[in-house]
J.: 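The structure follows.
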Amino acid sequence: MSHRITIFDTTLRDGEQSPGCSMNLEEKVRMARQLDALGVDVIEAGFPIASEDDYRAVHAVAREVRRPVIAALARTTRDDIERAWRAIEPAARPRLHTFVATSDLHIQHKLRKTRDEVLDMTVEAVRLARSFTADVEFSAEDATRSDIEFLCRVVAAAVEAGATTINIPDTVGYTVPSEFSRIIRTLQERVTGVRNAVLSVHCHNDLGLAVANSVAAVEAGARQVECTVNGIGERAGNASLEEIVMALYVRRDILPFATGVVTAEIYKSSQLLSSITGMHVQANKAVVGKNAFAHEAGIHQDGVLKERRTYEIMTPESVGIKTNRLVLGKHSGRHALGKKLADLGYPLARPDLDRAYTRFIEIADQKKEIFDEDLIAIVHDGMRDVPEVFRMKSLQASAGTQKPSTATVILEAEGRERVACAVGDGPVAAAYTAIDSITGFRGRLLDYSIRAVSRGRDAIGEVSVHVDFDGRTFTGKAASTDVVDASARAYLHAVNKGLGLARALDAAETPRPLPLAAGRAADRARGELQVAPRAQKQAAETREDEALGGPTRVAGSEGQIRLISLV
Ligand code: KIV
Ligand code: ZN
């Protein structure tokens, strides 16, 4: 008989709080829908006290994703717990997750409290959470570096106060499998009440042991595992969902545990997350990496051709990687594209299918063979997570050994076209400068990455950017056979996200100040780009200044691409 393991997904909370992984409300909801399709049991949607954005995103997920339990994180304070509760109140199955640190290191240096105070905080927080909902999880932060006697007392107190799940985090990825199993066993032996709760684990990957530690804990009696898609999370990340699920599945001969995860949705979830965050999965990543099922060595290829199982312990199909290579070309119709995308796990309805078809035809004109990876990139490129306030109408850029490069950009906003020309030390820098001068945003490029989604010289290039606008970071992504076009549209995607947020905050009439540029650009877009005549003149003069060799734009801190002094 196999025991059912609860999969608690914290991609949208612990994963999202790691650098470069932040998501906006629409992205969180889209990812939450995919986690639902993936079959996770619990979605931890965020930490509502952390920011207004986080509160709203958790609230939206709670309203819209109905099957899984929706959890929200809170420290032990009343404010945190009440705010978390307000965020998840609309959920069909809400869970409050409260935590406090139990290691002396954290208690003395971070919290500046005593052990007794931590015990009191635990009890009060769990009781308060229970006054809102019957589903309450308590986490003993830094449990693996806590004194085991004290950890047992805290866990006993939490269960006594009404916690229904007790989570034992390895917050800094410090433990090893043998030690972690011992901790889990000790808790079960010494805290009798713990059998009335679900024992959970939450492992970080600082030593690369998060999955091994989680599996060891399951063998020792844990029945909930906390994890993230692609293993994203603080520092080296959290235990990777796909690795845990597939380890339990592939080794079910010696691990009598089952999850509710639909393994065929794993690859799609991984792709969607990396498309949203712009954080690519390393090629040799277990289960979902590009090379996870590639056999390079001749001896391996020979073995696999004769009998797949010689070098494959699971099939690509079992995690949703389709190997069927029905090739589409520019004569393929909308219906064939729709069917192929549905086979790949992307059943698109109109107008998304129309948008994907338009992109598909553009790309089919430039590319001989269209691979599955190309189609997936086209779908992600066409996903409109924010309204396109500014839309790329055309882009012409020059590049080469003769500097500077030039770019001419035409953007459309609310039915009107605006043109700008700029120069830079490369075509991308020039295009970004031209976009800035039309939108009024001054973006600081924090990160820029590009990858070929498939093979061949005519492969589609997928560009991801992280751009800072007045202290707020937005991600942008686009794909094209022309990498300058992809770079410019990825940047514009980030601009439109900034505007989307500004508008959403305006609509919510949030008293918090907006990021300056977001507010300014929102005003411009809202007023049908009605810049006051004086301001318009100034802006025109600035552009003229720039074209004539105006002020030097920021250099160095911009990441790989510098916006240089305009000649
Ligand atoms: O790593 C950790 O300790 C956490 C807790 C808040 C569960 O993320
Ligand atoms: Zn964590």
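Just so it is clear, the values below take in all heavy atoms, side chains as well, and ignore hydrogens, waters and symmetry mates. Atoms within a ligand are numbered from 1 in the order they appear, just like the ligands themselves.
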J.: Quick one: salt bridge (charged side-chain N to carboxylate O under 4.0 Å, His left out) pairs with a partner in residues 217-238, sequence neighbours left out?
T.: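 Passing the test, one end in residues 217-238: D206-R235.
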
J.: To the nearest 0.5 angstrom, please state how far the CD atom of E44 sits from the CZ atom of F8.
T.: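 Spacing of CD (E44) from CZ (F8) equals 3.5 Å.
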
J.: Going by the salt bridge (charged side-chain N to carboxylate O under 4.0 Å, His left out) test, which pairs reach into residues 90-100, not counting sequence neighbours?
T.: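 Sorted result for residues 90-100: R95-D135, R95-E137.
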
J.: May I ask you to say whether R13 pairs ionically with D54, meaning some side-chain N is under 4.0 Å from a carboxylate O?
T.: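 Looking at R13 and D54, the cut-off is not met.
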
J.: In terms of relative ring orientation, are H202 and H204 parallel, tilted or perpendicular, with 30° and 60° separating the classes?
T.: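 H202 and H204: tilted rings.
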
J.: Can you tell whether the side chains of D104 and R145 come within less than 4.0 Å, N to carboxylate O?
T.: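 Not counted as a salt bridge, because no side-chain N and carboxylate O are separated by less than 4.0 Å.
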
J.: What protein N/O/S atoms lie closer than 2.8 Å to the Zn ion (ligand 2)?
T.: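 Less than 2.8 Å away from the Zn ion (ligand 2) sit D14 OD2, H202 NE2, H204 NE2.
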
J.: Test salt bridge (charged side-chain N to carboxylate O under 4.0 Å, His left out) on R442 and D468; report intermediate values, then the result.
T.: CA-CA 9 Å; R442 294 282 149 119; D468 176 298; over 6 Å; no

J.: Quick one: does S487's side chain get under 4.5 Å of Y448's, heavy atoms only?
T.: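 Heavy-atom side-chain distance check passes, below 4.5 Å.
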
J.: Would you check ligand 1 and list the protein residues that come within less than 4.0 Å of it by any heavy atom, ordered by chain and number?
T.: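 Ligand 1 pocket, heavy atoms under 4.0 Å: R13, D14, H97, F99, S139, E141, N167, P169, T171, H202, H204.
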
J.: Is the shortest distance from a Lys or Arg side-chain nitrogen in R251 or D253 to a carboxylate oxygen in the other one below 4.0 Å?
T.: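 Looking at R251 and D253, the cut-off is met.
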
